[in-house]
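A note on names: the letters A, B, ... follow the listed sequences, proteins ahead of strands, and every chain is numbered from 1.
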2 protein chains.
Amino acid sequence: MSLRHALLGLLSERPASGYDLLKTFETSLANVWPATQSQIYTELTRLAGSGLITVAAEGPRGRKEYRIADEGMAELRHWLTEVAPQRNTRSDILLRVFFLGVLRPDQAHAYLTELIAMSEEGHEQLRQLHDSIDWDDDNLSVYGRIALEYGLRFQAMRREWAEWAADQIKPR
Amino acid sequence: MSLRHALLGLLSERPASGYDLLKTFETSLANVWPATQSQIYTELTRLAGSGLITVAAEGPRGRKEYRIADEGMAELRHWLTEVAPQRNTRSDILLRVFFLGVLRPDQAHAYLTELIAMSEEGHEQLRQLHDSIDWDDDNLSVYGRIALEYGLRFQAMRREWAEWAADQIKPR
DNA sequence: AGTGTCATGTAAAAGGTTACATGATTGG
DNA sequence: CCAATCATGTAACCTTTTACATGACACT
């Protein structure tokens with residue numbers, strides 16, 4: 001149930017509409033917590049229903065601007081400090097690695113080569129994202145930069161690992 | 001729908017019962033694709049129903065040993081070579097980082113310190129797993145070792161990043 | 001006048017988690 | 001004979017994905 005906390009987190013910075021939040025998810029937050037349009041609107045309605053956020057203003061085209069309520073801030077802080085993060089994540093990229101033995105060695109090698117390329121592209125995309133953002137000193141900037149640094153290091157680590165792995169199976 | 005491919009992949013090595021597969025998920029595969037008992041049994045029944053696997057033998061206590069069928073092998077190869085892996089994964093650990101600004105600096109710092117410890121523990125667990133496995137030359141060993149190396153590098157990368165990140169916010 | 005973007009909502013299906021339920025066999 | 005382990009199954013619920021559906025406003 002982290003989507004609700006992702007929304008609370010974004011609303012803790014500034015009020016926003018579902019549409020605004022959707023755009024944020026498509027750019028920055030997509031890398032750590034992808035969410036679809038339908039999911040976001042549904043969850044916002046539910047959050048408003050349970051009083052964690054409120055409709056602060058209504059604009060043209062039915063736009064509803066949500067604002068975080070005190071209860072929402074409390075819930076966000078509770079999640080950040082008390083709820084243990086999940087240890088195990090899913091990675092279908094890694095899952096495939098376990099079963100590369102059913103392929104011919106050249107196919108297995110090709111898969112790892114693809115991962116090298118994927119990691120390079122990912123790294124480059126993050127670099128461009130970093131350059132395109134107008135960083136300032138607010139919270140999302142400070143911690144967004146730290147999260148982005150994680151992404152850069154992650155992609156670099158994966159590229160190096162994939163290069164090493166491709167090398168492991170090439171000689172056979 | 002990667003669970004079905006995880007099961008096909010394990011059965012491509014050797015026939016196994018739901019219980020056997022559950023044990024494998026609890027140890028080695030848990031790190032890349034956690035699955036529950038109920039999920040595994042349900043999916044096995046479905047896979048047998050669609051003919052991708054067959055019940056090869058029945059043992060004591062209602063044990064059913066499943067064997068992969070040719071159609072299952074074909075599906076597994078198709079997934080490995082043709083289906084594009086998913087780029088974006090979810091990480092509630094990283095998601096929290098974006099919102100650490102709502103906490104006091106010492107609380108944010110404590111969160112990152114916790115991540116350092118978590119990464120060290122994860123690294124140590126994988127090291128022990130590596131030592132406890134009786135590695136041989138079969139496919140799962142070769143590629144399992146490569147996957148495990150990924151895990152070790154990942155935990156090391158995360159530890160270093162968390163140390164760097166904790167350092168970033170300490171001076172404020 | 002028409003296109004693109006802004007803007008929201010809902011329904012169905014698939015995937016995943018938690019909990020309940022049951023019973024056979026083995027080893028001490 | 002008792003406990004641990006082996007062994008399977010199902011139901012309810014929550015989360016996520018995909019698809020459908022609608023319309024207002026701004027700009028050219």
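At whole-Å resolution of the value, NZ in A:K64 and P in D:dG23 are 17 Å apart. Atom CG in B:L44 sits about 9 Å away from atom P in D:dG9, given to the nearest Å. Note: CD (B:E43) to P (D:dT10) measures 14 Å, nearest angstrom. Rounding to whole angstrom units, CG of residue B:D20 and P of D:dT5 are separated by 16 Å. Separating the CZ atom of A:F25 from the P atom of D:dT16 is a distance of 10 Å, rounded to the nearest angstrom. Separating the CD atom of A:Q39 from the P atom of D:dA19 is a distance of 15 Å, rounded to the nearest angstrom. One can place CG of B:L47 at 13 Å from P of D:dG9, the figure rounded to the nearest angstrom. In this structure, CG of B:L22 is placed 13 Å from P of C:dT17, rounded to the nearest angstrom.
Salt bridge absent: B:E65 and B:R67 never bring a charged side-chain N and a carboxylate O closer than 4.0 Å. For A:R145 and A:E149, the salt-bridge test fails: no basic side-chain N is under 4.0 Å from an acidic carboxylate O.
Hydrophobic cluster membership for A:I116: none, as no Ile, Leu, Val, Met, Phe, Trp or Tyr side chain comes under 4.5 Å of it.
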For nucleotides 19-22 of chain C, tabulate all protein N/O to nucleotide N/O atom pairs closer than 3.5 Å, reporting atom names and distance.
none

Distances for protein N/O vs nucleotides 2-6 of chain C N/O pairs under 3.5 angstrom?
unit_1	atom_1	unit_2	atom_2	d
C:dC6	OP2	A:Y19	OH	2.6
C:dC6	O5'	A:Y19	OH	3.4
C:dC6	O4'	A:R61	NH1	3.3

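Contact check, A:Y41 against C:dT8: a side-chain N or O comes under 4.0 Å of OP1 or OP2.
Residue contacts for B:R46: at a heavy-atom cut-off of 4.0 Å it reaches the sugar-phosphate backbone alone, with no base atom in range. Counting non-hydrogen atoms under 4.0 angstrom, B:S17 reaches the backbone sugars and phosphates but no base. Residue B:R90 is classed as a sugar-phosphate contact, given heavy-atom separations below 4.0 Å to backbone atoms only.
Inspection of the A:E121 and A:Q125 side chains reveals no N or O donor paired with an N or O acceptor under 3.5 Å.
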